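I am attaching a structure below and will ask some questions about it afterwards.
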Amino acid sequence: TTLTLTSGPAGSSFRLTAERYAKILAREGVTLKILPSKGSRDNLARLADPKSGVDLGFIVGGEAAASAPAGAPHLVSLGSVSYQPLMIIYRGRPKTLLSEFKRQRLDIGVEGSAASALAQTLLEANGIRPGDGTQVGHRTAEESVKALNAGRIDALFAMSDATPTALMRELLRDPDIHLFNVVQAEGYTHRITYLNKLVLPRGAIDFCEDFPASDTALVAPTVEIVARDSLHPALSDLVLEAARQVHGRAGLYKKSGEFPAPIAQDFPISADAARYYASGRSFLYRSFPFWLARLIERIVAIVVPMTIVLIPGLKIAPAVFRWRVVSRIYRWYAVLQRIEHESYDETMDVRRNDELLHRLGHVEATVKKLVVPPAYGDLLYDLRGHIAVVRANLMARRPAG
């Protein structure tokens, strides 16, 4: 009934998304505890730590490769829920290639954030490295915006969730500030496989001011929901159902129904998530409220194994019972056969005949004490009749004298 999710900084898209998840899960009787974090890398560290108590969190694609946390084999992906575009906003003359930012003053986001990691990867791919004259800073998005406005830096790199649209709109009113068009976006997606090419349509940020003035190419990893592999299948379905409600609508960079999707980068898609994408929620959770489906599932988990054990047992029990009753009767036929066989001895005398009659009398006395169910009475009376037949044979063969 309780899940713990590590989200992101206060006010970030991760945090706002987690709060929307919490409202949806609450309607199903599940409480979602939301832990604030510094971002994707912090989330990954918590998930990798078995003592953190975290069940799932938002991870930007490519993050695990950069941080390589211990315990990663115990993590699985529930799929991707959105794109996370990298916005490069700069001052000065228009630029075409990322390599043109060499020897400039750049803010690439808080150290350890997904924006910082991706920015460093892109800069290195363009031959921009520490010590080549490029100044790299790690301010927050708000501080970077102020620094860019004041002319203290030349460009900032930030994920869209850390740079709200309203803040970007205000920043880009300055005619000397531009949004970088990643003309080599297609090439980056082939070299850095966790990236996707996106297009920000003309006027999408501000129709009145026609910004951007043309279609602008961006690169973006996806955001995945990563969980421990011990997450219960029913809760996995519930989280993905919440994700479908939150992320399923069309947006600036996505089509309707595009997310959530079984797109994974650093961790394998869980078996439960793969089943959900293939066939949706299981029958129980489609047909009943979550609490009732969970109760039925628990009852079934107990009843089915018991039934599997009991049904064969119930079929065998009558046969075992019959065998026990019949064996109590049939065991005496072996004794009767021995007595009858000995009675055919050519050297039979009176003493030997009397001895056999005595043994037969002992058998008859014992058989009279047998108690069997009425359904098996015919077998008992048949035995007593056969005892009488053997006695008659013994009496007929009794030697004279």
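Throughout, residue positions are numbered sequentially from 1 according to the sequence presented. For clarity, every value in this text was computed on a predicted model and none was experimentally measured.
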Test salt bridge (charged side-chain N to carboxylate O under 4.0 Å, His left out) applied to Arg275 - qualifying residues, sequence neighbours left out: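 Counting only residues at least two positions away or on another chain, Arg275 forms a salt bridge (charged side-chain N to carboxylate O under 4.0 Å, His left out) with Asp237.
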Whether Asp215 side chain and Val199 backbone form a donor-acceptor pair below 3.5 Å: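 No; zero donor-acceptor contacts below 3.5 Å.
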Geometric cation-pi criterion Lys95 and Phe101, 6.0 Å radius, 45° cone: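 Yes - Lys95 lies over the ring of Phe101, closer than 6.0 Å to its centre and within 45° of its axis.
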Main-chain N/O of Leu16 paired with Glu19 side-chain donor or acceptor, under 3.5 Å: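 No; zero donor-acceptor contacts below 3.5 Å.
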Polar side-chain atom of Asn126 near backbone of Ile128 as donor-acceptor pair, under 3.5 Å: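 No; zero donor-acceptor contacts below 3.5 Å.
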Heavy-atom closest contact (Thr4 atom, Gly53 atom, distance):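 Between these two residues, the closest heavy atoms are CB-O, 3.5 Å.
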By salt bridge (charged side-chain N to carboxylate O under 4.0 Å, His left out) - contacts of Arg352 (at least two apart):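 Expected list: Glu342, Glu355.
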Any donor-acceptor N/O pair, Arg91 side chain to Asn149 backbone, under 3.5 Å: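 At least one qualifying donor-acceptor pair exists.
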Under 3.5 Å donor-acceptor, Ser270 side chain and Val76 backbone: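 No; judged by distance alone, with no hydrogens or angles, the pair does not exist.
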Between Tyr21 and Phe58, ring centroids under 6.0 Å: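 Between Phe58 and Tyr21, which both carry aromatic rings, the centre distance is below 6.0 Å.
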Nearest heavy atoms of His138 and Val136, plus distance in Å: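 Shortest heavy-atom contact: NE2-CG1, 4.1 Å.
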Test log, rule side-chain hydrogen bond (donor to acceptor under 3.5 Å, both in side chains), inputs Glu224 and Ser80: CA-CA 4 Å; Glu224 295 179 57; Ser80 296; 4.9 Å; no
Side-chain H-bond candidate by donor/acceptor type, Tyr188 with Asn196, under 3.5 Å: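 Absent: no donor and acceptor within the cut-off.
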Donor-acceptor under 3.5 Å (Ser52 side chain, Ala48 main chain):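 No.
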Test log, rule side-chain hydrogen bond (donor to acceptor under 3.5 Å, both in side chains), inputs Asp272 and Ser236: CA-CA 7 Å; Asp272 297 315; Ser236 173; 5.1 Å; no
Any Val367 side-chain heavy atom under 4.5 Å of Leu380 side chain: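 They are in contact (side-chain heavy atoms under 4.5 Å apart), so the answer is yes.
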CA sep, side-chain torsions, deciding dist, call: Tyr253, Gln84, side-chain hydrogen bond (donor to acceptor under 3.5 Å, both in side chains): CA-CA 9 Å; Tyr253 304 107; Gln84 190 77 317; over 6 Å; no
Polar side-chain atom of Arg46 near backbone of Arg41 as donor-acceptor pair, under 3.5 Å: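 It does not hold such a pair.
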Any side-chain heavy-atom pair of Leu78 and Pro260 under 4.5 Å: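 No - every pair of side-chain heavy atoms lies 4.5 Å or more apart.
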Name the atoms and distances for all side-chain donor-acceptor pairs under 3.5 Å in residues 385-393, with sequence neighbours left out.
residue : atom : partner : partner atom : Å
His386  : ND1  : Tyr333  : OH           : 2.8
His386  : ND1  : Asp382  : O            : 3.1
Arg391  : NH1  : Glu364  : OE1          : 3.1
Arg391  : NH2  : Glu364  : OE1          : 2.6

Single hit among Asp55, Asn43, Asp42 for side-chain hydrogen bond (donor to acceptor under 3.5 Å, both in side chains) with Thr6: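 Result for side-chain hydrogen bond (donor to acceptor under 3.5 Å, both in side chains) with Thr6: Asn43.
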Arg129 vs Leu123 side-chain heavy atoms within contact, under 4.5 Å: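 In short, these two side chains do not touch, never coming nearer than 4.5 Å.
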Check: Ser279 side chain, Tyr276 main-chain N or O, donor-acceptor pair, under 3.5 Å: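 Side chain of Ser279 to backbone of Tyr276, a donor-acceptor pair under 3.5 Å: no, none is there.
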Stepwise side-chain hydrogen bond (donor to acceptor under 3.5 Å, both in side chains) test for Asn181 and Thr216: CA-CA 5 Å; Asn181 180 24; Thr216 302; 5.0 Å; no
Arg249 and Glu258: CA distance, side-chain angles, deciding distance, salt bridge (charged side-chain N to carboxylate O under 4.0 Å, His left out) verdict: CA-CA 8 Å; Arg249 296 181 180 179; Glu258 186 175 353; over 6 Å; no
